[in-house]
*Asks:* 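This structure is in structure tokens; I'll ask about it shortly.
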Amino acid sequence: MHVLLPDGKQLDLPEHATGADVAAAIGPGLAKAALGLRVDGRLSDLQTPVPAGASVQVLTGRDPDVIGLMRHTLAHVLAQAVREHLVAEGHGAQSVRLGIGPVIEHGFYYDFDLPRNLTPEDLPAIEERMRAIIAADLELRRSEVPRSQALARYVELGDPYKVELIEDLPADVTISFYEQGGEAGFTDLCRGPHVPRTGVLPPHFRLTSLAGAYWRGDERRPMLQRVYGVAFREAEALEKHLWQLEEAKRRDHRKLGAELDIFVLDEDIGPGLPLWLPRGTVIVEELERLAHEVERRAGYQHVRSPHVTKEQLFIKSGHLPYYEQSMFPAMVIDDQRYFIKPMNCPFHHKIYAARPRSYRDLPVRLAEYGTCYRYEDHGALMGLMRVRSMQMNDAHIYCSEAQFEAEFLGVIELYLEYFRLFGIDDYVMRFSKHAPEGLGKKYVDEPELWLRTETMVRNALESGGVTFVEAEDEAAFYGPKIDVQVTSAIGREFTLATNQVDFAIPARFDLTYVDEDGQRKTPLCLHRAPLSTHERMIGFLIEHYAGDFPLWLAPEQVRVVPIADRHVPYAEQVAARLGAAGLRAEVDAGNDRMNAKVRAAELKKVPYIAIVGDKESEAATVSFRSRKEPQRQGVHLDAFAAHLAAHARARAGAVTPLG
RNA sequence: GCCAAUGUAGCUCAGCGGUAGAGCAGCCGAUUCGUAAUCGGCAGGUCGUCAGUUCGAAUCUGACCAUUGGCUCCA
């Protein structure tokens with residue numbers, strides 16, 4: 001047989017030649033340096049036979065992709081080390097059962113079923129053993145085993161996890177094992193690829209955390225213990241990664257939220273129920289103001305609805321069977337079950353239905369920043385990102401099928417406009433579709449409507465030139481949706497904006513309009529939340545800006561610092577003048593020295609510090625230092641106020657320095 | 001909801017069987033100062049909650065609550 005090398009040459013090889021044979025055939029130097037193989041663009045290893053006719057490239061330590069092999073092998077080394085660690089305590093080797101140990105971003109993990117729980121104190125000892133296994137330079141040998149033999153082996157070992165894995169593999173697939181260190185070492189069912197021996201593994205790894213993880217991600221299955229690790233080829237990369245984790249802690253919205261007096265969570269109130277402090281409320285209200293302005297231009301009307309409603313409303317909407325476990329439990333009033341609303345849509349449907357609608361009314365766009373309550377699992381709560389009380393940036397658009405595409409793209413344009421404003425460029429549009437198996441369970445049982453609506457969405461996206469990825473089995477129960485997945489400045493990923501198509505519920509509410517031809521027709525409904533919930537949006541923005549908000553969002557825009565007590569009256573005048581210009585300014589009249597006041601204002605990340613002393617009060621000027629532009633002296637108060645007001649009004653992301 | 005860790009003053013943390021401490025923040029006083037911490041004083045905690053062990057518990061044990069890291073779920 002032969003394979004194709006990157007330079008276009010053909011290399012003749014005996015049948016069943018492996019990656020190692022390829023490297024050896026090219027040259028002894030390469031054979032020594034080889035760590036892995038790329039076969040038809042995919043990672044493979046030296047131990048695996050090469051398919052005839054494949055394009056192959058031998059990978060050495062210089063190739064950035066070999067870290068993938070290294071991380072995978074480190075997962076095996078971790079598993080061996082955990083077993084040794086527990087066997088050394090007297091546990092039987094078979095009591096250490098293995099789940100899976102894949103490569104993930106930055107590193108690897110391995111899932112175990114163990115005779116005792118690991119604690120963080122175990123990690124250094126396990127890491128130590130890992131380093132010993134690396135120092136021992138064990139060879140990783142690959143072997144192919146018939147399915148029945150592989151199965152028998154794990155049945156005998158009493159390992160239900162591996163048995164299940166093998167049983168789930170197709171009957172015709174090659175089952176391979178990787179073994180390191182012989183009998184005394186470690187063998188694992190594994191598809192590979194791996195590095196050839198443990199000695200080539202980099203020392204730049206660290207076990208980072210312990211966690212529980214359900215076997216195969218299923219909450220009905222046993223919980224295994226997962227050990228996470230990170231690994232890099234270069235020491236600097238590991239250091240950089242660890243530094244980024246530290247940096248992430250500094251930017252964390254929970255830490256900054258407390259330091260900047262934005263919100264608090266109080267045990268007496270309850271988990272996931274944040275209190276907005278005055279400074280945080282300023283930000284919420286700025287977002288509301290922004291949305292109001294944008295939506296007024298886009299033809300939305302604002303409505304309001306109550307926080308509680310009779311059960312009947314959610315029975316009619318069909319939410320109850322799909323959603324009740326995510327709602328606060330019902331309360332009984334006058335022998336009726338009432339719920340606190342988890343979403344606004346049924347109310348908006350009722351508002352739509354409050355009077356007859358003509359095709360001339362469409363599209364009807366009803367917006368409300370209603371506060372909703374969802375019973376999220378305790379373990380899911382996270383600062384402002386995952387809460388139980390939330391204010392949706394909500395609206396529902398009722399339109400005809402003919403209007404659908406324009407309305408749908410209008411919504412996408414809306415959230416792109418917001419993203420431009422906030423400088424959000426790291427996002428993915430995810431087109432979430434149903435899965436046929438879920439019909440009647442997770443999804444309303446309307447197979448042809450699903451397909452039709454999904455086609456409409458895909459057509460709209462394509463005609464709008466929007467790039468997107470598709471996700472099976474991620475739809476809402478009433479229709480497909482677009483979720484915008486963003487990555488925050490500290491690498492947290494979550495859904496911000498959402499745009500959902502609802503082909504089911506308008507009919508349940510008997511929503512109709514009279515069309516041109518006099519026929520009553522059912523409108524489509526778009527659910528949209530381009531600013532997500534205000535909780536999540538602000539949590540995201542805190543991290544995005546590291547608390548250093550643009551002027552228009554800054555809770556306090558100017559801190560006026562009088563140099564001495566005699567300057568306080570002038571400082572008050574300055575603050576009043578700024579207030580009259582629509583700016584948020586506060587005077588620090590305390591008896592600290594100016595330096596301390598400047599520091600205090602900087603720590604609160606106030607964008608402008610206006611310093612006023614004798615010179616300023618005599619000439620009606622301010623001297624300022626700013627996080628946004630170079631420091632200036634003797635700027636006339638009116639010019640200063642106008643400069644800031646103009647930038648705040650424009651919601652400018654960056655400030656043009658005062659000329 | 002599940003697995004694990006953590007919980008001492010507003011914040012950051014020390015104390016880890018003999019009954020609670022520091023720095024910062026706060027308050028009072030002195031200082032009146034030109035772009036990241038002036039000095040002095042005062043006040044502040046039923047050590048997450050409730051039980052238990054003990055002559056004695058912040059410290060040991062248990063349950064619960066909350067938070068954090070994951071898993072499941074999700075805006």
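The model shown is predicted, which means the values in this text are computed figures rather than measured ones. In the text below, chain A, chain B and the rest are named by the order of the sequence lines, each starting its count at 1.
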*Asks:* Can a salt bridge be assigned to the pair Lys442(A) and Glu437(A) using a cut-off of 4.0 Å between side-chain N and carboxylate O?
*Replies:*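 Salt bridge flag = no for Glu437(A) with Lys442(A).
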*Asks:* Rounding to an integer number of angstrom, what distance separates U6(B) and G48(B) when you compare their C1' atoms?
*Replies:* 11 Å
*Asks:* For G56(B), which nucleotide in any strand shown is its Watson-Crick or wobble partner with both distances under 3.5 Å?
*Replies:* none
*Asks:* Mind checking Arg220(A) for me? I need base, sugar-phosphate or nothing, with any heavy atom below 4.0 Å counting as a touch.
*Replies:* nothing
*Asks:* How is Arg536(A) classified with respect to the nucleic acid when contacts are heavy atoms under 4.0 Å: base, sugar-phosphate, or nothing?
*Replies:* base
*Asks:* Taking only nitrogen or oxygen atoms into account, show me every contact under 3.5 Å that the protein makes with nucleotides 2-12 of chain B, one pair per line with its distance.
*Replies:*
residue	atom	partner	partner atom	Å
C2(B)	O4'	Tyr214(A)	OH	3.3
C3(B)	O2	Gly212(A)	N	3.2
A4(B)	OP1	Asn117(A)	ND2	2.5

*Asks:* Between Leu381(A) and Leu384(A), just flag the one whose closest nucleotide in RNA chain B comes earlier from the 5' side.
*Replies:*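 Final value for this comparison: Leu381(A).
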*Asks:* Are the ring centres of His534(A) and Tyr369(A) closer than 6.0 Å?
*Replies:*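 Yes, close enough.
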*Asks:* Looking for any heavy atom pair under 4.0 Å, which part of the strands does Val387(A) touch: base, sugar-phosphate only, or nothing?
*Replies:*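 Result for Val387(A) = base.
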*Asks:* If C2(B) has a Watson-Crick or G-U wobble mate with both distances under 3.5 Å, name it; if not, just say none.
*Replies:*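 Paired with G70(B).
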*Asks:* Students often get this wrong, so: under 4.0 angstrom with heavy atoms, is Asn591(A) touching a base, only sugar-phosphate, or nothing?
*Replies:*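 The residue Asn591(A) makes base contact.
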*Asks:* How many Å lie between CD on Glu324(A) and C1' on C73(B), as a whole number?
*Replies:*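 Distance, rounded to whole Å: 17 Å.
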*Asks:* Identify whether any heavy atom of Tyr375(A) sits under 4.0 Å from a base atom; if not, whether one sits that close to sugar-phosphate; answer base, sugar-phosphate or nothing.
*Replies:* sugar-phosphate
*Asks:* Scan Glu535(A) against the nucleic acid and name what it touches under 4.0 Å (heavy atoms): base, sugar-phosphate only, or nothing.
*Replies:*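 No contact at all - Glu535(A) keeps every heavy atom at 4.0 Å or more from the nucleic acid.
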*Asks:* Do NZ/NE/NH1/NH2 and the carboxylate oxygens of Lys341(A) and Glu368(A) come within less than 4.0 Å?
*Replies:*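 Yes, this pair counts.
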*Asks:* Taking Tyr109(A) as the fixed residue, which of Val227(A), Thr208(A), Ile104(A), Leu210(A) is the one that meets the side chain to side chain contact (heavy atoms under 4.5 Å, CB included) rule?
*Replies:* Ile104(A)
*Asks:* Taking the P atom of each, how far is G62(B) from A4(B), in whole Å?
*Replies:* 13 Å
*Asks:* Using atom CZ of Phe477(A) as one end and atom P of C74(B) as the other, report the distance to the nearest whole Å.
*Replies:* 13 Å
*Asks:* Inspect the contact between Glu295(A) and Arg365(A) and indicate whether a charged nitrogen and a carboxylate oxygen are less than 4.0 angstrom apart.
*Replies:* no
*Asks:* With rounding to the closest Å, how many angstrom separate the C1' atoms on C47(B) and G17(B)?
*Replies:* 15 Å
*Asks:* Starting at CZ of Arg386(A) and ending at P of G69(B), how long is that distance when rounded to a whole Å?
*Replies:* 13 Å
*Asks:* Hey, which of Val606(A), Ile283(A), Val282(A) is the one that makes side chain to side chain contact (heavy atoms under 4.5 Å, CB included) with Phe549(A)?
*Replies:* Ile283(A)
*Asks:* Whether the side chain of Ser532(A) and the base of A75(B) hold a donor-acceptor pair under 3.5 Å is what I'd like checked.
*Replies:*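 Per atom types, no contact qualifies.
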*Asks:* Mark yes or no for whether Lys597(A), through its side chain, and Gly590(A), through its backbone, hold a donor-acceptor pair below 3.5 Å.
*Replies:* yes
*Asks:* Using purine N1 to pyrimidine N3 plus N6-O4 or O6-N4 for Watson-Crick, or N1-O2 and O6-N3 for G-U wobble, each under 3.5 Å, what pairs with G34(B)?
*Replies:*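 Pairing partner, where one exists within any strand: none, as none qualifies.
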*Asks:* When you compare A9(B) with G15(B), how far apart are their C1' atoms, in angstrom units rounded to a whole number?
*Replies:*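 Here A9(B) and G15(B) have their C1' atoms 15 Å from each other.
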*Asks:* Rounded to the Å, how far apart are Met343(A) CE and A75(B) P?
*Replies:*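 Distance, rounded to whole Å: 9 Å.
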*Asks:* Please determine whether a side-chain nitrogen of the Lys or Arg among Asp218(A) and Arg216(A) lies less than 4.0 Å from a carboxylate oxygen of the Asp or Glu.
*Replies:*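 Salt bridge between Asp218(A) and Arg216(A), a charged N being under 4.0 Å from a carboxylate O: no.
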*Asks:* Sticking with atom P, work out how far G10(B) lies from G45(B), rounded to a whole angstrom.
*Replies:*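 These two P atoms come out 8 Å apart once rounded.
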*Asks:* Decide if the gap between the ring center of Tyr110(A) and the ring center of Phe112(A) is smaller than 6.0 angstrom.
*Replies:* yes
*Asks:* Could you check whether the side chain of Glu376(A) and the base of A75(B) have a donor-acceptor pair of N or O atoms closer than 3.5 Å, going by distance alone?
*Replies:* yes
*Asks:* Do the side-chain N or O atoms of Lys481(A) get closer than 4.0 angstrom to the phosphate oxygens (OP1, OP2) of A75(B)?
*Replies:*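 Yes, within the criterion.
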*Asks:* Does this structure show an ion pair linking Glu417(A) with Arg420(A), if we count only N-O contacts that are shorter than 4.0 Å?
*Replies:*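 Judged by the 4.0 Å cut-off on N to carboxylate O distance, Glu417(A) and Arg420(A) do not form a salt bridge.
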*Asks:* For Asp473(A), does its backbone N or O pair with a side-chain atom of Tyr443(A) as donor and acceptor, under 3.5 Å?
*Replies:*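 Here the side-chain-to-backbone pair exists.
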*Asks:* Within this structure, what is the OH-to-P distance between Tyr109(A) and C71(B), rounded to whole angstrom?
*Replies:*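 In whole Å, C71(B) P and Tyr109(A) OH are 8 Å from each other.
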*Asks:* Return the pairing partner of A63(B) with a 3.5 Å limit on both distances, Watson-Crick or G-U wobble; otherwise return none.
*Replies:*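 Its partner is U49(B).
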*Asks:* Which nucleotide in the list U38(B), A75(B), U68(B) gets nearest to the side chain of Arg254(A)?
*Replies:* U68(B)
*Asks:* Measuring only the P atom in each nucleotide, how far is C3(B) from C64(B)? A whole number of Å is fine.
*Replies:* 11 Å
*Asks:* Considering every strand shown, what is the Watson-Crick or G-U wobble mate of U12(B) when both distances are under 3.5 Å?
*Replies:*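 U12(B) is paired with A22(B).
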*Asks:* For atom C1', what is the distance between A5(B) and C42(B), given to the nearest Å?
*Replies:* 39 Å
*Asks:* Parallel, tilted or perpendicular for His349(A) and His527(A), by the 30°/60° rule?
*Replies:* perpendicular
*Asks:* For the pair made of CE in Met327(A) and C1' in A75(B), what is the distance, rounded to whole Å?
*Replies:*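 One finds 16 Å between C1' of A75(B) and CE of Met327(A), rounded.
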*Asks:* Find the partner of C27(B): check Watson-Crick (N1-N3 plus N6-O4 or O6-N4) and G-U wobble (N1-O2, O6-N3) distances, both under 3.5 Å, and reply none if neither fits.
*Replies:*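 For C27(B), the partner nucleotide comes out as G41(B), under the 3.5 Å rule.
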*Asks:* Show the distances under 3.5 angstrom between N or O atoms of the protein and N or O atoms of nucleotides 34-36 of chain B.
*Replies:*
residue	atom	partner	partner atom	Å
G34(B)	O6	Asp614(A)	N	3.2
G34(B)	O6	Lys615(A)	N	3.4
G34(B)	N1	Glu616(A)	OE1	2.9
G34(B)	N1	Glu616(A)	OE2	3.3
G34(B)	N2	Glu616(A)	OE1	3.4
G34(B)	N2	Glu616(A)	OE2	2.4
G34(B)	N2	Ser623(A)	OG	3.4
U35(B)	O3'	Arg625(A)	NH1	3.0
U35(B)	O2'	Arg625(A)	NH1	2.9
A36(B)	OP2	Arg625(A)	NH1	2.9
A36(B)	N7	Arg625(A)	NH2	3.1

*Asks:* Select base, sugar-phosphate, or nothing to describe what Tyr228(A) touches, counting heavy atoms under 4.0 Å on all strands.
*Replies:*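 Touches sugar-phosphate only.
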*Asks:* CG of Asp111(A) versus P of G70(B): gap in Å, rounded?
*Replies:* 15 Å
*Asks:* In whole angstrom, what separates Trp215(A)'s CH2 from G70(B)'s C1'?
*Replies:*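 Taking atom C1' of G70(B) as the reference, CH2 of Trp215(A) is at 18 Å.
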*Asks:* For atom C1', what is the distance between A58(B) and U46(B), given to the nearest Å?
*Replies:* 11 Å
*Asks:* Base, sugar-phosphate, or nothing: which does Gly634(A) touch, judged by heavy atoms less than 4.0 Å apart?
*Replies:*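 Touches nothing.
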*Asks:* Verify the neighbour count for atom CD of Glu89(A): are there more than 12 heavy atoms of other residues, nucleotides or ligands below 6.0 Å?
*Replies:* yes
